[in-house]
Each structure stands twice: as structure tokens, then as C-alpha cells.
Amino acid sequence: MSIKKGWWLGLICCLFAGAAFGAQFPVAGHILQNVSPLYFVGIRYLLAAVAFVPLLAFREGFSSFKPEGKAWLVWLLGTLAFTGYNGLVFIGQRLAGPSGPIVSSVMMGVMPLVTAIILLIWKGVRMSLTTVFCIVVGLVGVFLVATKGNAGGLIAGGSTVWAIALMLAAVVCWCTFTVGASLFPSWSPLRYTTLTCIGGTISNAVIIIAGTKLGLLEPPAWHDLTANTVPFLYMGLIAGVAAVLAWNTACKIISPVDASVITSNIVPIMSTAITVISGYRIGVPELAGIVLTLLALIANNVAGRMRARKRETAPSA
């Protein structure tokens, strides 16, 4: 595949993943009205695993299920993504109330900036002053959305603080999972996604069983599950299988940071549009926060590309 065709494939994967991820938060909000977040996540990725396993077996054979001595690493990264990220972000979304889908989607917008921090800690890739500035601006945008411009509510504490903290932790989990794919250079995106999804699904099952037996979790009623059949299918197969596979494919083709920038610009726009159409009245502070976050992403991306061009032209000069 040529570089140009590969870039276009990566772009298409980013656009699809961004649209699917953006729609998942309003859809999840509908399910979370009657189903607890951890049960919701467990059912979602059980559906995804059931779809991933035969797909990988058909495409790459049963030998591709061998972890090649990296079983614990696969389980850890899968738990971070399919248990940690999803559990934390949807618990936070529930705490945030009606604006939860918008807050969750805007938190996705800071993923490129969090990825830059992880790369600094993990691989020693230093951040520029521009990136640091963009991180600060992006966080200000997130707080504007989460607090609706009421800083006093944030200082007073309560559910808003917890929602933001949980969502930030969720973003760190997902970005670590994304960067962790570089530890499996010979694996296809399908293989990496399937095996980590299996690991995360096992962790979800253990947490749900233990939490239910201890009385910490309440199983959903059967009629609540059947009433959300279509939303569950969307979350499991479209946002859980197709979108995650497209995301990992894009990260492998055009790098995690570039994929994050493209996708994260689409997610909050899609989620906000659906939430507003569904009847939520968005305020000026929330709109300002979304714009600030998007501008931070764009500025960081433009600055990064300018630095890359300077490095490329320096030797010839």
C-alpha cells in the first residue's frame, strides 16, 4: 500500500471511529437510566468479544490467539481499555447528569494531549511549550463544559468533581492502551483488539460477579435489558467492535497522536449534536468550552506538524 493510500485509509478509519464514538455517549446515556455502568460495560464487551473471536479465527487462524509470552501484558492493557476506561467514563457520565454525554465526549478531546504526557513519561518524548499551553487550554475547556461556567460549583465539590476525576482517569487508561499497541509491532490491529478485549471481558466478569455477591452491584431487570436491545447492539457491535478496530487500524497507519487529533475533533461535535437534538439545552459556557478544547487540539496539531517539517528540512538546509 502506498503512503498516500495508507493515509487516506487511516483518515477514513478516524472519521468512522470519531462518528461512532461520538454517538456512543448519548446512546449510553439512554441505557444508563436503568442499567448500572459496570453491568452495562460487562454486557457491551461480552457482545464485542463474541463478535471478535470468530472474526479473528476466520481471518488469521487459531494460532493468532497465542499471546506469545505476553499474556499478562495483554490482560493488563485490555483491562485498562475495556474495564478501566469504560467503567470510569460511564460512571462519571452518570454522575454528571443530563450533560454527561457532552462532558464525556469533550474529555475524549483531550486524549491527544494526555497521549503526549504518557509518551513523555513512558518513552521520554519531550513536550514543547506549545503542547503544554494547549493542555492547559484544553483542560479549561473541559472544566467549562463540566461546570457550565459555575466555578463555585467545582470548588464546592460534589458529583461534578468526581465526574471529572473519573473521566480523566478513564482517558489515561485509554491512552495507555493506545500507546501500548506499539509493544506488539507484528500483531494486526484485529489481533491486538481481540486479545485485549478478551482480557478486559474477563476482568469485567470478575468485577461484576464479586460486586453482585457482595451486594455492591444490582443486576438489571430483564425488561430493562430487552428495552435496550438496539442500544446494546450499537454499543457492542458498532462502537465496541467496528469503531475500536477502526481506531487501532488508524493508530497503526498514521500514529496514535495524529489519529487522536482527527478523531477527537469529531467526537464532541457528534455527541453534542445528538444530545441537543434529543432535547438538551446547551449553554454558552458549554459551547465556549467545546470551542476551546477543539482550538487547543488544532493548535497543538498545527504546531507539531510545523516542528516536524523543520526537522525534515534541517539536514538538507
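Computed from a prediction, not measured in an experiment: that's the story for all the values here.
Judged by distance alone, the side chain of S271 and the main-chain N or O of P101 form a donor-acceptor pair under 3.5 Å. With hydrogens and angles ignored, the 3.5 Å screen pairs a side-chain donor or acceptor of Y234 with a backbone N or O of A20.
T194 contributes atom OG1, which lies 10.5 Å from atom CZ of R59 (distance to the nearest 0.5 angstrom). Once rounded to the nearest 0.5 Å, the distance linking CG of N86 with CD of Q93 reads 11.0 Å. Of the inter-residue distances, the one linking F184 atom CZ with R191 atom CZ reads 9.5 Å to the nearest 0.5 angstrom. Between L56 atom CG and L190 atom CG the span is 5.0 Å, to the nearest 0.5 Å. Atom CD of Q33 is separated from atom CZ of R94 by 9.5 Å, given to the nearest 0.5 angstrom. Summarising the geometry, atom CD1 belonging to I207 is positioned 11.5 Å from atom CG belonging to L216; distances are rounded to the nearest 0.5 Å.
Using the six-membered ring where Trp is involved, W174 and F82 have ring planes that are perpendicular, over 60° apart on the 30 and 60° scheme.
Residues V89 and L166 fail the side-chain proximity criterion, which asks for heavy atoms closer than 4.5 Å. Inter-residue side-chain proximity for Y85 and V172 is flagged as unmet; no heavy-atom pair is nearer than 4.5 Å. The shortest side-chain heavy-atom distance between W222 and T226 falls under the 4.5 Å cut-off. Between N34 and P220 there is no side-chain heavy-atom pair separated by less than 4.5 Å. Side-chain contact between T229 and L225: absent, with no pair of heavy atoms (C-beta onward) separated by less than 4.5 Å. By the 4.5 Å heavy-atom criterion applied to side chains, T83 and V41 are not counted as neighbours. Looking only at side-chain heavy atoms (C-beta outward), F16 and W247 stay at 4.5 Å or farther from each other. Side-chain contact check for Q24 versus M270: every heavy-atom pair is 4.5 Å or farther apart.
No hydrogens or angles considered: a donor-acceptor pair under 3.5 Å links the side chains of Y39 and T212. N204 and Y45 share no donor-acceptor pair across their side chains, judged by distance under 3.5 Å alone.
I209 is not connected to L214 by any chain of hydrophobic side-chain contacts under 4.5 Å among Ile, Leu, Val, Met, Phe, Trp and Tyr, and they are in different clusters. When hydrophobic clusters are built by joining Ile, Leu, Val, Met, Phe, Trp and Tyr residues whose side-chain heavy atoms come closer than 4.5 Å, directly or via intermediates, I121 is grouped together with V179. Cluster membership for F65 and F58, using ILVMFWY side-chain heavy atoms within less than 4.5 angstrom, is not shared. V276 and V267 end up in the same hydrophobic cluster when Ile, Leu, Val, Met, Phe, Trp and Tyr side chains are linked at under 4.5 Å. In the hydrophobic clustering of ILVMFWY residues, with side-chain heavy atoms under 4.5 Å counting as a link, L183 and I118 come out together.
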Worksheet entry | Stepwise side-chain contact (heavy atoms from CB on, under 4.5 Å) test for T196 and W75 | CA-CA 6 Å; T196 51; W75 168 80; over 6 Å; no
Worksheet entry | Test side-chain contact (heavy atoms from CB on, under 4.5 Å) applied to F90 and M167, step by step | CA-CA 8 Å; F90 290 120; M167 290 179 186; over 6 Å; no
Worksheet entry | Check against side-chain contact (heavy atoms from CB on, under 4.5 Å), I198 and F52 | CA-CA 9 Å; I198 293 173; F52 273 131; over 6 Å; no
Discussion item. Walk me through whether Y192 and F177 qualify under ring-ring contact (aromatic ring centres under 6.0 Å, His included).
Written reply: CA-CA 10 Å; Y192 178 70; F177 164 76; 5.2 Å; yes
Discussion item. Checking M235 against F40 for the side-chain contact (heavy atoms from CB on, under 4.5 Å) test, could you report, in this order, the C-alpha distance in whole Å, the side-chain angles of both residues, the deciding distance, and whether it holds?
Written reply: CA-CA 9 Å; M235 295 299 297; F40 158 58; 3.5 Å; yes
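Heavy atoms only, all atoms of each residue included: A51 and V241 are closest at CB-CG2, 3.9 Å. G22 approaches P26 most closely through the heavy-atom pair O-CD, 3.2 Å. Scanning both residues, G240 and V244, for their nearest heavy atoms gives O-CG2, 3.4 Å. In terms of heavy atoms, L38 sits closest to G87 at CD2-CA, 4.2 Å. The two atoms that bring G42 and I208 nearest to each other are CA-CD1, 3.8 Å, heavy atoms only. When all heavy atoms of G92 and A163 are compared, the pair lying nearest together is O-CB, 3.4 Å.
The number of heavy atoms from other shown groups lying within 6.0 Å of CD (E218) does not exceed 12.
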